[in-house]
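Take a look at the structure below.
Values below: all heavy atoms of this structure, side chains included; hydrogens, waters and symmetry mates excluded. In what follows, every chain begins at residue 1, and chains take the letters A, B, ... in the order their sequences are listed.
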Number of protein chains: 2
Amino acid sequence: MDRLTHISTYVNVFLMEKMLCCTPLLTTPLQRSDADELAARFRALADPVRLRLLSLIADRGEVCACDLVVPLGISQPTVSHHLRTLFEADLVARERRGRWIHYRLVDSTVDALRQALAPAIVSS
Amino acid sequence: MDRLTHISTYVNVFLMEKMLCCTPLLTTPLQRSDADELAARFRALADPVRLRLLSLIADRGEVCACDLVVPLGISQPTVSHHLRTLFEADLVARERRGRWIHYRLVDSTVDALRQALAPAIVSS
DNA sequence: GATCGATATTGACGGTTATCTATGGATAGG
DNA sequence: CCTATCCATAGATAACCGTCAATATCGATC
């Protein structure tokens with residue numbers, strides 16, 4: 001392990017204290033229930049349409065659902081379906097403002113998933 | 001953004017230079033082809049059995065496939081099928097030694113996925 | 001080379017998911 | 001109210017996926 005990876009690991013370990021969900025994958029054998037929860041969240045990321053939706057939402061900070069249909073070239077109900085999936089995985093939050101519904105990224109969930117992929121701390 | 005997050009971001013950005021695969025999700029709108037590739041990799045993580053396999057492999061450093069059947073309580077062909085999925089996603093490598101096949105984690109792929117979830121660098 | 005043991009592959013079955021069209025519910029403006 | 005607009009839901013269909021039993025393949029040993 002080189003020096004920078006080492007530093008990065010320690011910074012991440014320190015930040016981990018603040019995290020809530022999702023047992024780390026790579027530091028200790030995963031229990032069945034933890035595996036189920038983690039898999040459910042990764043399943044929400046396992047579709048190209050949802051990744052592009054997330055990407056657009058992250059890029060613009062906050063997006064009206066109406067602005068997410070045309071760029072992806074799929075039907076409005078399909079977009080709605082995927083947004084629901086992301087919402088139920090806690091990856092996005094939504095807020096109604098008049099006729100429109102605005103979506104934004106839930107940073108803490110993304111952080112937690114990133115942490116779940118953090119490398120094990122090597123003792124040597 | 002607090003100080004530690006700031007440091008972590010810069011360390012990660014620096015390490016990113018060495019990475020190969022997977023366009024970051026959250027820094028710029030994702031192209032269709034990049035989304036397809038990323039989704040394919042997340043799909044490999046989107047199953048509890050595969051997560052537990054990865055976890056066991058990571059924990060032990062290197063594992064014989066024969067030691068992965070009993071702990072999960074599923075049939076040998078199913079384990080083999082999932083190991084194949086992980087292998088094709090480049091998440092594990094395998095090496096035949098005599099009659100046995102040993103699996104180990106491919107750290108760079110896990111790192112790349114973690115990087116793909118890295119937060120956008122805020123300019124302010 | 002016959003056999004045994006470790007893995008992979010095949011084929012089938014049931015459950016899940018992505019997509020569409022059609023429809024319904026909510027909200028703003030006239 | 002009536003209508004137009006935004007968004008979600010329902011229902012249908014096709015493709016995909018996880019699982020298992022059965023079978024094939026590959027390497028070691030006798």
Side-chain angles (χ1 to χ4, degrees), chain A residues 30 32-33 35-57 60 62-104, chain B residues 30 32-33 35-57 60 62-104:
Chain A
L30 216 52
R32 233 181 77 104
S33 55
D36 287 344
E37 183 187 345
L38 242 188
R41 289 176 192 269
F42 280 128
R43 209 176 303 126
L45 294 176
D47 181 278
V49 170
R50 285 195 291 272
L51 290 181
R52 295 179 70 197
L53 283 171
L54 262 190
S55 186
L56 284 170
I57 293 169
R60 319 252 273 263
E62 190 169 85
V63 196
C64 169
C66 61
D67 290 328
L68 292 171
V69 174
V70 173
L72 293 189
I74 57 180
S75 72
Q76 176 269 321
T78 300
V79 170
S80 183
H81 164 72
H82 285 302
L83 287 173
R84 179 196 176 99
T85 301
L86 291 172
F87 177 73
E88 287 175 349
D90 236 350
L91 282 162
V92 300
R94 58 184 171 199
E95 186 191 351
R96 174 149 228 150
R97 280 217 279 277
R99 249 189 296 223
W100 298 274
I101 298 187
H102 294 253
Y103 283 83
R104 61 179 175 75
Chain B
L30 217 52
R32 233 180 78 104
S33 55
D36 287 344
E37 183 187 346
L38 241 190
R41 291 177 191 269
F42 280 128
R43 209 176 303 127
L45 295 176
D47 181 276
V49 170
R50 285 196 290 273
L51 290 181
R52 295 180 70 197
L53 283 171
L54 263 189
S55 187
L56 284 170
I57 293 169
R60 319 253 273 263
E62 188 170 86
V63 196
C64 169
C66 61
D67 291 328
L68 292 171
V69 174
V70 172
L72 292 189
I74 56 179
S75 72
Q76 176 269 320
T78 302
V79 170
S80 182
H81 164 71
H82 285 302
L83 287 173
R84 178 195 175 100
T85 301
L86 291 173
F87 177 73
E88 286 175 347
D90 235 351
L91 283 162
V92 300
R94 59 185 172 198
E95 185 191 350
R96 175 150 228 149
R97 279 216 279 279
R99 247 190 297 229
W100 297 275
I101 298 186
H102 294 252
Y103 283 82
R104 61 178 175 76

For this session: Test side chain to side chain contact (heavy atoms under 4.5 Å, CB included) on B:L45 and B:L54 and set out the steps.
Result: CA-CA 9 Å; B:L45 295 176; B:L54 263 189; 3.5 Å; yes
Problem set entry | Footprint string (nucleotides 20-26 of chain C, 5' to 3'): B base within contact, S backbone only, - free, heavy atoms under 4.0 Å | BBB----
For this session: Mind checking A:R43 for me? I need base, sugar-phosphate or nothing, with any heavy atom below 4.0 Å counting as a touch.
Result: sugar-phosphate
With [X] via side chain to side chain contact (heavy atoms under 4.5 Å, CB included) - residues at least two apart:
{"X": "B:C64", "answer": "B:C66, B:D67, B:W100, B:H102"}
{"X": "B:R99", "answer": "none"}
{"X": "B:T85", "answer": "B:A44, B:R50, B:H81"}

For this session: Treating a pair as Watson-Crick (purine N1 to pyrimidine N3 plus N6-O4 or O6-N4) or G-U wobble (N1-O2 and O6-N3) with both distances under 3.5 Å, list the stems of 3 or more consecutive pairs that involve DNA chain C.
Result: C:1-30 with D:1-30
Which pair of heavy atoms, one from [X] and one from [Y], lies closest together, and at what distance?
{"X": "A:H82", "Y": "A:D47", "answer": "CE1-OD1, 3.8 Å"}
{"X": "A:A65", "Y": "A:L83", "answer": "CB-CD1, 4.2 Å"}
{"X": "A:I57", "Y": "A:V63", "answer": "CA-CG2, 3.6 Å"}
{"X": "A:L51", "Y": "B:A35", "answer": "CD1-O, 3.6 Å"}
{"X": "B:P48", "Y": "A:D36", "answer": "CB-OD1, 3.2 Å"}

For this session: Check each residue of residues 80-95 of chain B for a non-hydrogen atom within less than 4.0 Å of any atom in DNA chain C, then write out the ones that pass by number, or none.
Result: B:S80, B:R84, B:R94
Exercise. Can you find a side chain N or O atom of B:Y103 that sits less than 4.0 Å from OP1 or OP2 on C:dA8?
Worked result: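 Yes, within the criterion.
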Exercise. Between C:dA28 atom C1' and A:I101 atom CD1, what is the distance in whole Å?
Worked result: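 After rounding, the reported distance stands at 15 Å.
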For this session: Find the distance B:F42:CZ to C:dT17:C1' and express it as a whole number of Å.
Result: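 That distance rounds to 19 Å.
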With a cut-off of 3.5 Å and sequence neighbours excluded, list every side-chain donor-acceptor pair involving residues 87-96 of chain A.
from	atom 1	to	atom 2	distance (Å)
A:E88	OE2	A:R84	NE	3.1
A:E88	OE2	A:R84	NH2	3.3
A:R94	NH1	A:Y103	OH	3.3
A:E95	OE1	A:R97	NH1	3.2
A:R96	NE	A:G98	O	3.3

Problem set entry | Distance in Å, A:R32 CZ paired with B:L72 CG, rounded so as to fall on 0.5 Å steps |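 If I round to the nearest 0.5 Å, the distance is 10.0 Å.
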Problem set entry | Derivation of the side chain to side chain contact (heavy atoms under 4.5 Å, CB included) call for A:S33 and A:E37 | CA-CA 6 Å; A:S33 55; A:E37 183 187 345; over 6 Å; no
Exercise. What parts of residues 45-53 of chain B reach DNA chain D, counting only heavy atoms under 4.0 Å away?
Worked result: B:D47, B:V49, B:R50
Problem set entry | Residue pairs, two or more places apart or on separate chains, that pass salt bridge (Lys or Arg N to Asp or Glu O under 4.0 Å) and touch residues 71-81 of chain B | none
